[in-house]
Amino acid sequence: MTDTTERTAQPVPPELSDRTVAVRADGVTKRYGLGENAVVALDDVTIDLTRGEFTAIMGPSGSGKSTLMHCLAGLDTVDAGRVFLGGDELTQMNDKQLTRLRRDRIGFIFQSFNLIPTLSALENIILPMSVAGRQPDAEWLDTVIETTGLRERLEHRPSQLSGGQQQRVACARALAGRPDVIFADEPTGNLDSRSGGEVLKFLRESVRSGGQTIVMVTHDPVAAGYTDHVVFLADGRLIDRLQEPTRATVLERMKDLDTRVAAVEKEPRA
Ligand SMILES: Nc1ncnc2c1ncn2[C@@H]1O[C@H](COP(=O)(O)OP(=O)(O)OP(=O)(O)O)[C@@H](O)[C@H]1O
């Protein structure tokens, strides 16, 4: 449950009250450094991510993908603009509230799996709930274990699992608490194409059958082809979107991206 007592009440944009928007960035700007050395990592980014969709964030290296993900997930502060998770404004929350929100309402999947080496697969899967003092929903946990194909591996430690199996543990960990949204940062970056494909199929299935909302940063057009829609960043700005992407249409759009990047770079910043 969200504690609203510690933050200043701010009007929530009315369109968020229909509950179809899972995550929203509204005019978000993020700078790193000061003065001449300042880097504008995000430049007035406005985006709505729909509940129950699988979204890919793509763009060239340094375009702001990770920064956007971190700002949307309450892992980083913004310099201007507002970020919402459902009807709750992250940019009005203090550190304690953000920690609680990330723990209770957001799942994370990282390229490097980030499993605890001394814990078994099952202990890793239920760790966020254990930390939060919550009991896993036994039926849902069983479904997650079944669909990730980990039943025979639950007692194994991460070092006893393949990369693909470790990432499936990380996926199961992210899904087990039924978060409002899962943020995945290059989840298949350390996997061979077969294991990567299995993880992506699983993520897509959790969106299609389970109604999960997933936001994934990726460089890979194949990975983006598993999603419902792709947003493209260049130089900290949102420059394009693609619905129902396939590997081919993503590749085609990426070819066009260089031209667009050149055009964006010519535009003066506000
Ligand atoms: N902590 C930081 N301090 C200073 N500059 C930063 C910091 N984090 C990111 N940046 C800069 O902000 C810009 C956007 O970085 P970001 O990591 O979001 O890009 P990205 O698209 O995720 O890149 P990549 O695909 O290479 O991971 C880059 O110019 C980067 O150098």
Side-chain angles (χ1 to χ4, degrees), residues 23-47 49 54-83 85 90-91 95 98 102 106-114 167 170 174 181-191 193 196 199-200 203 214-227 229-242 245 247 250-251 253-270:
V23 183
R24 160 171 294 181
D26 189 5
V28 166
T29 294
K30 174 72 186 177
R31 292 182 208 92
Y32 290 109
L34 293 170
E36 281 181 12
N37 298 323
V39 173
V40 181
L42 294 176
D43 186 5
D44 196 16
V45 172
T46 293
I47 186 172
L49 301 173
F54 192 1
T55 301
I57 302 176
M58 299 194 81
S61 182
S63 58
K65 302 182 293 297
S66 297
T67 305
L68 178 59
M69 197 190 99
H70 289 170
C71 290
L72 295 179
L75 287 166
D76 210 343
T77 57
V78 305
D79 291 296
R82 303 168 80 186
V83 176
L85 178 69
L90 273 62
T91 32
D95 284 348
L98 284 172
R102 287 193 302 264
I106 297 179
F108 291 97
I109 303 170
F110 300 98
Q111 182 172 351
S112 51
F113 319 139
N114 287 20
Q167 195 60 308
V181 57
I182 291 176
F183 289 99
D185 196 353
E186 297 280 2
T188 55
N190 276 338
L191 303 180
S193 59
V199 165
L200 288 161
L203 292 178
I214 302 182
V215 181
M216 170 176 75
V217 168
T218 184
H219 285 101
D220 179 4
V222 175
Y226 283 82
T227 66
H229 103 276
V230 184
V231 298
F232 294 93
L233 287 178
D235 203 19
R237 299 182 194 182
L238 189 65
I239 61 162
D240 208 351
R241 307 179 80 128
L242 186 59
R247 176 180 167 277
V250 172
L251 268 173
R253 205 58 76 88
M254 284 169 75
K255 275 190 212 152
D256 193 35
L257 205 61
D258 283 345
T259 322
R260 288 162 179 263
V261 171
V264 166
E265 282 172 352
K266 276 189 200 150
E267 279 176 32
R269 288 196 185 276

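As the structure lists them, so they are numbered: ligands from 1, and atoms in each ligand from 1. Values below: all heavy atoms of this structure, side chains included; hydrogens, waters and symmetry mates excluded.
A salt bridge does not link Asp26 to Arg82: none of the charged side-chain nitrogens sits closer than 4.0 Å to a carboxylate oxygen.
Screening Ile106, Leu49, Asp185 for a side chain to side chain contact (heavy atoms under 4.5 Å, CB included) involving Val215 leaves a single residue, Leu49.
Note that OG1 of Thr77 is 3.5 Å distant from NZ of Lys30, once rounded to the nearest 0.5 Å. In this structure, the separation between CG on Asp240 and CE on Met254 is 12.5 Å, given to the nearest 0.5 Å.
In the model, Asp76 has a side-chain atom that pairs as donor or acceptor with a side-chain atom of Tyr32 under 3.5 Å.
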May I have the N/O to N/O pairs between ligand 1 and the protein that fall below 3.5 Å, each with atom names and distance to one decimal?
unit_1, atom_1, unit_2, atom_2, d
ligand 1, 18 (O), Thr67, N, 2.9
ligand 1, 18 (O), Thr67, OG1, 2.5
ligand 1, 19 (O), Gly64, N, 3.3
ligand 1, 21 (O), Gly62, N, 3.4
ligand 1, 21 (O), Ser63, N, 3.1
ligand 1, 21 (O), Ser63, OG, 3.4
ligand 1, 21 (O), Gly64, N, 3.0
ligand 1, 21 (O), Lys65, N, 3.0
ligand 1, 21 (O), Lys65, NZ, 2.8
ligand 1, 22 (O), Ser66, N, 2.9
ligand 1, 22 (O), Ser66, OG, 3.0
ligand 1, 23 (O), Gly62, N, 2.8
ligand 1, 25 (O), Lys65, NZ, 2.7
ligand 1, 25 (O), His219, NE2, 3.0
ligand 1, 26 (O), Ser61, OG, 2.6

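Without hydrogens or angle criteria, Gln167 side chain to Phe110 main chain gives a donor-acceptor distance under 3.5 Å.
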